[in-house]
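Throughout, a chain's letter reflects where its sequence line sits, starting with A, and its residues are numbered from 1.
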Amino acid sequence: PPPKIYILYHSRVPYAALCKTFERVEAITKRIEILELTTNLFRTVIELTPDSLLETLYLCINRLCPDYEGLELGIGESLLLKAIAESTGRSMAQIKADYKDSGDLGTVAKVLAFLKDGIEYDFLNSRSAQKTLFAAKPLTVPQVFSTLKEIAQITGTSVGVLRWGFIRVYRSQAKKMGKIKGLLVACRENEAKYLIRSLEGKLRVGLAEKTVLSALAHAVVLTRPAQVEEELAKAVGIVSYWLFFPAIEFNEQPHSELPCYNLIVPALLKDSIDKLKEVCKMTPGIPLKPMLAHPTKQLSEILDRFEGHTFTCEYKYDGERAQIHRLEDGRMTVYSRNSENMSNKYPDIMEKLGSVGVWFFMWVKTGTTSFVIDCEAVAWDHEKKSILPFQVLSTRKRKDVKEEEITVQVCVFAFDCLYLNGESLLHKPFAMRRQLLHDSFQEIEGQFAFARFQDTSNIEDIQTFLETSIQENCEGLMVKMYDGDESSYEPSKRSRNWLKVKKDYLKGIGDSLDLVVIGAFYGRGKRTSVYGAYLLACYNPDREEYQTITKIGTGFSEQALQQHYGFFKDHVIDCPKRYYVFGEGTKPDVWLEPVQVWEVLAADLSISPKYQAAVGHVSVGRLLVDSAKGISLRFPRFIRIRDDKKPEEATSSEQVAEFYQRQANNEQSNGNGGVDDEFDY
DNA sequence: AATGGCTGCCC
DNA sequence: ATTCTGC
DNA sequence: GCAGAATGGGCAGCCATT
């Protein structure tokens, strides 16, 4: 149907219009209706106030700018709680209690009465509030957006010396808080709710980037600025998803190749649709959203998926995704998985890749000018010539890194080439991209390597290759479509053309532990009114203690969440048992009696600064483990209740220590395992 | 100058 | 990251 | 199968406090 116009003619989009859409979207779950509502919002904006389209869109996806510009609000839950408390004149305790009950900070801000000039205004009762409270002008989308941006730009503590020697301290947190409060008092009806959620960084209305992008495409097809195409509007009186399909397609390519709304939106408004594809082309220097892989539960899934196709297996390295760009003019950038600019973290990579010198030491072969390559940066032990764990990589400094001061060396494992010498390779088959990658770069030991691969279609070979990858400190395998149309590079897609196989996905392998539930955390959002996460412990029979090991918050079906809540609410205790061993920073919202054992799966064990499992038993060369550190789990998830086990029969501290030791031994001894044939493919 | 809490970003 | 769920 | 929303450990860096 034609847009329901609830925006009157304004020079700017009222923030209320946006919030109204959010409210409607939040109330429904049907995807097509959500799409329709969002499309109508954008159509209205295009028609009435096209200059606000970009800001409207950014507020819909809850971002301030393209990811690679790296501007962040720097506001979290604590600051918001404080801001809400101060704005409402209520105590933190009250705010926290409300938060617990509603599971939504937005609701907390919306429901509470605001105190202003000694008069209490009730936001729910808009009639009584209207007269006085609404003295402030209604918020507009550009205004809210620019204030959010200002908040993000506030930084640092500065000390200014005023006349007569008075010292004034500007605190960035206080300034941010001031801006938030300023917005809050101007909010009406539901605006505070969505404003707070924007500040939290999660809109949680069931509308996120993919749908917003699709809605944008629909809107610009149906509505051109200043010339509503009535006929077209009538034609879609019957809502059919497939009628819109061309619109989706036409916008998807531009966005996947040039994921920057600052560039796309003006082009959408100005240019014809045909021209858009020309304007929005892959551009070195602007990061692509990396292609992602589907998890695989069994090796047989690989054969099912790739039956009748050629595919190839690669090691899955446990490091940090690095999309490396080099432009013709020599400028270079390293981007992370989430398109953050990591160039300052990797001066060593920049130096090596950018350098001209003796060909023997260069990663880039002569003749290779511009490129975009997809890689994994992995911590590297130069003495042992082996891969170090992710936890080591994560200790690398991130800002203003000087090459001389680098403590954690990195080896870059390249596995794809998306752009080469002025030409996009996104639509080329993977076989060709890999060939070009190998033709254009060369391996330098301990610095740059190609991801190890094996082309095979035999399940036993895959099994063996998987085991070898794990021996060599990798996470497992990536299995990729090798040839044909389906092997192209699909930015931002979790494509079925790439599968990942990790040992912990496979049934019966991986670290499974039986742990005791000793605490719980209130759920939020769709987990309001049940516990959203739990605190788990292992058992130390010698000391008769339960030692905390991890929180857990995934793997539960909705039914399981209900069931657990129902069960544990009768086992809540006022304070922790004296035989609970826990760190100050890991206290749950409620403590529980030790009455149930859960089977839990994890990818790895880690040295923990917070948890206490096997404390005093942890020793490994590289990670300086002091006696106060315990063990925790990487990627913990709930598998099932172990009703057959009593709490005292849970995995013991000693076993936890053993698991860790085994893992560490593997990391230390097998680094070199069977790699003397490094160039043997 | 040291410490600890908060935040954002890796996985 | 992993996992679950409505469409 | 997609898109969205729940939730995990742990690191550096920033800021406020002491």
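When the side-chain contact (heavy atoms from CB on, under 4.5 Å) test is applied to A/A657, the partners found at least two apart in sequence or on another chain are A/A614, A/H617. In this structure, A/F42 has no ring pair (Phe, Tyr, Trp, His ring centres under 6.0 Å) partners at least two apart in sequence or on a different chain.
Judged by distance alone with a 3.5 Å cut-off, a donor-acceptor contact links the side chain of A/T554 to the base of C/dT2.
Listed by first and then second residue, the side chain to side chain donor-acceptor pair (under 3.5 Å) pairs involving residues 549-561 of chain A amount to none (not counting sequence neighbours). Among residues at least two apart or in separate chains, salt bridge (Lys or Arg N to Asp or Glu O under 4.0 Å) pairs with a member in residues 63-84 of chain A are A/R63-A/D67, A/R63-A/E209, A/D67-A/K289, A/E77-A/R524.
If you take CG of A/N497 and P of D/dG1, they are 11 Å apart, rounded to a whole angstrom. Atom pair A/K551:NZ and D/dA6:P shows a separation of 15 Å (rounding to whole Å applied).
Using modelled atom types and a 3.5 Å distance limit, the side chains of A/S512 and A/E599 yield a donor-acceptor pair.
Residue A/L633 is in sugar-phosphate contact alone, with no base atom involved, counting any heavy-atom pair closer than 4.0 Å across all strands shown. As judged by a 4.0 angstrom heavy-atom cut-off over every strand, A/F521 is placed among residues making no nucleic acid contact.
Under a 3.5 Å cut-off, the side chain of A/T651 and the backbone N or O of A/D514 do form a donor-acceptor pair. Between the side chain of A/R527 and the main chain of A/G532, a donor-acceptor pair closer than 3.5 Å is present.
The aromatic rings of A/Y317 and A/F413 lie parallel to each other, their planes meeting at an angle below 30°, with 60° marking the opposite boundary.
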Its contact letters, B for base, S for sugar-phosphate only and - for none at protein heavy atoms under 4.0 Å, make nucleotides 4-11 of chain B read --SSBSSB

Protein and nucleotides 2-5 of chain D: nitrogen or oxygen contacts under 3.5 angstrom:
unit_1, atom_1, unit_2, atom_2, d
D/dC2, OP2, A/H294, NE2, 3.1
D/dA3, O3', A/T211, OG1, 3.3
D/dG4, OP1, A/A208, N, 3.0
D/dG4, OP1, A/A208, O, 3.1
D/dG4, OP1, A/T211, N, 3.1
D/dG4, OP1, A/T211, OG1, 2.4
D/dG4, OP2, A/K210, N, 3.3
D/dA5, OP1, A/V205, N, 3.1
D/dA5, OP1, A/G206, N, 2.4

